[in-house]
Protein chains: 2
Amino acid sequence: MITIQKVAELAGVSVATVSRVINQKKAVSAKTREKVEKVMKEMQYEPNMLGRNLRTSQSNLIIVMVPTISNPFYVKIMKGIEDAALKEGFHIMLCMTDSQYEREEAYFHLIRQKLADGIISLDPGTNFSKLLNGSKKYPIIQCCEYSELEDVPYVAIDNKEAAYKASKHLIQLGHKRIALINTDEHYIYASHRKQGYLQALKDYQIPALEEYMLNVELNFEHGQRGMRKLLQLKEKPTAVFCVSDILAVGAIKEIMRGGYKIPQDIAVAGFDNIEFSYMMNPTLTTIAQPMYEMGAEAGRMLIQQIKNKEEKIENLLLDYELIIRESTMG
Amino acid sequence: MITIQKVAELAGVSVATVSRVINQKKAVSAKTREKVEKVMKEMQYEPNMLGRNLRTSQSNLIIVMVPTISNPFYVKIMKGIEDAALKEGFHIMLCMTDSQYEREEAYFHLIRQKLADGIISLDPGTNFSKLLNGSKKYPIIQCCEYSELEDVPYVAIDNKEAAYKASKHLIQLGHKRIALINTDEHYIYASHRKQGYLQALKDYQIPALEEYMLNVELNFEHGQRGMRKLLQLKEKPTAVFCVSDILAVGAIKEIMRGGYKIPQDIAVAGFDNIEFSYMMNPTLTTIAQPMYEMGAEAGRMLIQQIKNKEEKIENLLLDYELIIRESTMG
DNA sequence: TTAATTCTTGTAATCGATTACATTTACAGT
DNA sequence: ACTGTAAATGTAATCGATTACAAGAATTAA
């Protein structure tokens, strides 16, 4: 292996000088720089990051914690994060938690162990105060979710407003019996989306019925199961607002299985604008979160925090968009 | 920051002893071990990985190179890799190449720079000989694809056989006009799948028509576009075999847009068994690759190679399965 | 020419672990 | 009690970079 020592020796300079050349410090004469660079190229020298990392106490790695990569919602966010990271010379470690606390804890260790410089959490369930356990602050950004309690900077959208907009869309199509398939409301985003839904109903004098509001786990099967329940009601809803596309996909599957037409019999709206929402039949009306940008911003914010730990990071609310497709307007 | 020195001092032993406790070496008396462990716990000591990594010249990181994470085909594979890695104390770095050579090269640097110990490539287009550039071997595993030319161990399935089976299924349903939507045949897997398709046609005395065989890029839009072309033929095919589910999804979209019925007018078979294949309407007949296992095996093989660089790694062909769903049998 | 100043370069400490080798301790056998 | 062996522990080198500080070289000002 070619080390900085070997390069220094071959170039007839000290390791300090080689290091200066590597790190683009200006205090090197053109002649020397040239000489060193020539040797580096000839020897195909590559600095050993392990040495550098130890010395600088930085790994240039950031952890991205995601509950499961199987929800396509996360895909573009990850891409955004990676691009932002790459731009600053960082790389990302993919960590799937399955929403298990032990996993999250294990990944948190990596920061304590200096293997990573910071964390972006895409997992809405992350319990930071428990994880941090009173210890000093580490660079963390929460993406797509936030908790007022914990003091972790976030990037997200205004979920209440967005849900309001989606619900209003259904109402304005003439629907009066609108169901909500939600997920665990201890996630702030879920509770906000419900608030938006309720507000819309209220503003348009539509009574909110308990039996139209379901809480299920966030996956396809539970979307199906939730819809099945709704279809068994005497007064079936004529529209369903799902707080996640993946739930909407399940709901649609179940509606079609029951022989109903979308949107004539039942209209469906989702949330997230995953790629499949425009590939499926019918295409899905949904709220588009700016996923790539959210990821990119989260990455940018985290790296800013890593570079300057003192600095206070501002939270960020990005724009969303209602995308109307076949599932509500045939 | 608590270092091993501080722990040693507080426990009244040498750093060597603390290190032995950390690494579970047996040459420590029960009494001493207990004492050291107590101090470590009290101080919440966490070994600094940067120090360890430099000394052992291992990062315990593996690179997973993926063209784009937006093809859900990769999702379960990644999960398999991560689980296998975690079991051995490794973590994964996610690297998206967009199939760009420069990106791949940049990631390869990470190995030369010791930032990662090995690579699993999910990118069928990776040009290893160019990347390696005659330099000594690094631990690499190719997953889902292989090239006979380059001497890189792989885990995959028998693509020719699998494609044969899918094509035969369509033939046995009575189809005579069967199209193939393929992708760039310089990917071995693509060329093998075509071979399987051709072999099936031949075995059942069905002529292979040039105009039924398309090569497109591997994404939804090109699936649509390919199908559109097929629908413009005078003699439209009655069945289509797509070498990737994502293409099949596009094809199905286009078929329905044209007002045709699936599978009555046109049957569709895919390849990969991505999650959406059973969520969509109609559900998709496809070849299921054992994605999780492939990932897990690739992870296992890579780590084996990292731990013992001399050892010759055996290639692995795993089982596949034809899953028949609505898109071929209403 | 000399002194002051600025640029370049080198020396050696350092980051935090692991580990070869040396040394001490414990204990069994006689 | 003495010796030999095994077990436990310690000392110090080492991994490959960065960087504070020192020192030498070059330039400028007088």
Side-chain angles (χ1 to χ4, degrees), chain A residues 1-40 43-61 89 109-117 307, chain B residues 1-40 43-61 89 109-117 307:
Chain A
M1 161 159 240
I2 319 283
T3 68
I4 199 174
Q5 276 83 1
K6 218 161 289 174
V7 173
E9 191 183 333
L10 289 170
V13 300
S14 73
V15 293
T17 300
V18 178
S19 176
R20 287 186 195 108
V21 171
I22 294 168
N23 296 289
Q24 319 267 19
K25 297 271 164 65
K26 66 273 151 172
V28 182
S29 73
K31 195 164 37 130
T32 311
R33 160 162 285 130
E34 209 172 308
K35 193 169 54 177
V36 172
E37 275 168 349
K38 181 152 161 283
V39 174
M40 292 201 297
M43 297 284 99
Q44 301 201 49
Y45 167 72
E46 303 260 5
N48 181 317
M49 290 302 174
L50 302 179
R52 171 181 298 173
N53 289 349
L54 171 59
R55 182 56 225 241
T56 60
S57 205
Q58 266 221 21
S59 64
N60 281 5
L61 250 35
H109 272 302
L110 300 181
I111 293 218
R112 296 215 180 81
Q113 297 174 155
K114 297 272 179 190
L115 231 197
D117 296 335
K307 289 193 170 164
Chain B
M1 162 159 239
I2 319 284
T3 68
I4 198 173
Q5 276 82 0
K6 218 162 290 174
V7 172
E9 190 184 333
L10 289 169
V13 299
S14 74
V15 292
T17 300
V18 177
S19 176
R20 285 191 271 259
V21 171
I22 295 168
N23 295 289
Q24 318 267 20
K25 297 271 164 64
K26 67 270 149 177
V28 183
S29 73
K31 193 159 39 113
T32 311
R33 160 162 285 129
E34 210 172 308
K35 193 169 55 181
V36 172
E37 275 169 348
K38 183 153 158 283
V39 174
M40 292 200 298
M43 297 284 99
Q44 300 202 52
Y45 166 71
E46 303 259 6
N48 181 316
M49 289 304 173
L50 302 180
R52 173 181 296 172
N53 289 349
L54 171 59
R55 181 58 226 240
T56 60
S57 205
Q58 268 220 16
S59 65
N60 281 7
L61 249 36
H109 272 302
L110 300 181
I111 293 216
R112 296 215 182 80
Q113 297 174 156
K114 296 271 178 193
L115 231 196
D117 297 335
K307 289 192 170 166

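Proteins come first, then strands; the chains are lettered A, B, ... in the order of their sequence lines, and each starts at number 1.
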For a quick check of understanding: with a heavy-atom distance under 4.0 Å over all strands, which category does [X] fall into, base, sugar-phosphate or nothing?
{"X": "B/Ser19", "answer": "base"}
{"X": "B/Lys6", "answer": "nothing"}
{"X": "B/Leu50", "answer": "nothing"}
{"X": "A/Asn23", "answer": "sugar-phosphate"}
{"X": "A/Lys31", "answer": "nothing"}
{"X": "B/Val15", "answer": "base"}
{"X": "B/Met49", "answer": "nothing"}

Measure all distances between protein nitrogen or oxygen atoms and nitrogen or oxygen atoms of nucleotides 23-28 of chain D, and list the pairs falling under 3.5 Å.
none

_Given DNA chain D, 5'-ward residue of the pair B/Ser29 and A/Gln5, judged by closest heavy atom_ =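 The residue mapped nearer the 5' terminus is B/Ser29.
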_My understanding is that only one of B/Gln5, B/Arg20, B/Lys6 makes a side chain to side chain contact (heavy atoms under 4.5 Å, CB included) with B/Val15; could you say which?_
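Running side chain to side chain contact (heavy atoms under 4.5 Å, CB included) over B/Gln5, B/Arg20, B/Lys6 with B/Val15 returns exactly one hit, B/Gln5.
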*asked:* Nearest heavy atom decides the nucleotide; on that basis, is B/Tyr45 or B/Arg20 closer to the 5' end of DNA chain C?
replied: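 That would be B/Tyr45.
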*Is there a donor in the side chain of B/Ser59 and an acceptor in the side chain of B/Asp117, or the other way round, less than 3.5 Å apart?*
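Yes - a donor-acceptor pair under 3.5 Å links their side chains.
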*What is the distance from CD1 of B/Ile4 to P of D/dT11, rounded to the nearest Å?*
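Rounded to whole Å, this separation is 14 Å.
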*Are the side chains of B/Arg52 and B/Asn60 in touch, meaning some heavy atoms are under 4.5 Å apart?*
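No, every pair of side-chain atoms sits at 4.5 Å or beyond.
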_Strand DNA chain C as a dot-bracket string - pairs counted if Watson-Crick or G-U with both distances under 3.5 Å, | where the partner lies in another strand_ = ||||||||||||||||||||||||||||||
_What is the first contacted nucleotide of DNA chain C and what is the last, in 5' to 3' order, if contact means an atom lying under 4.0 angstrom from a heavy atom of chain A?_
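Range of nucleotides touched by chain A: C/dT8 to C/dG16.
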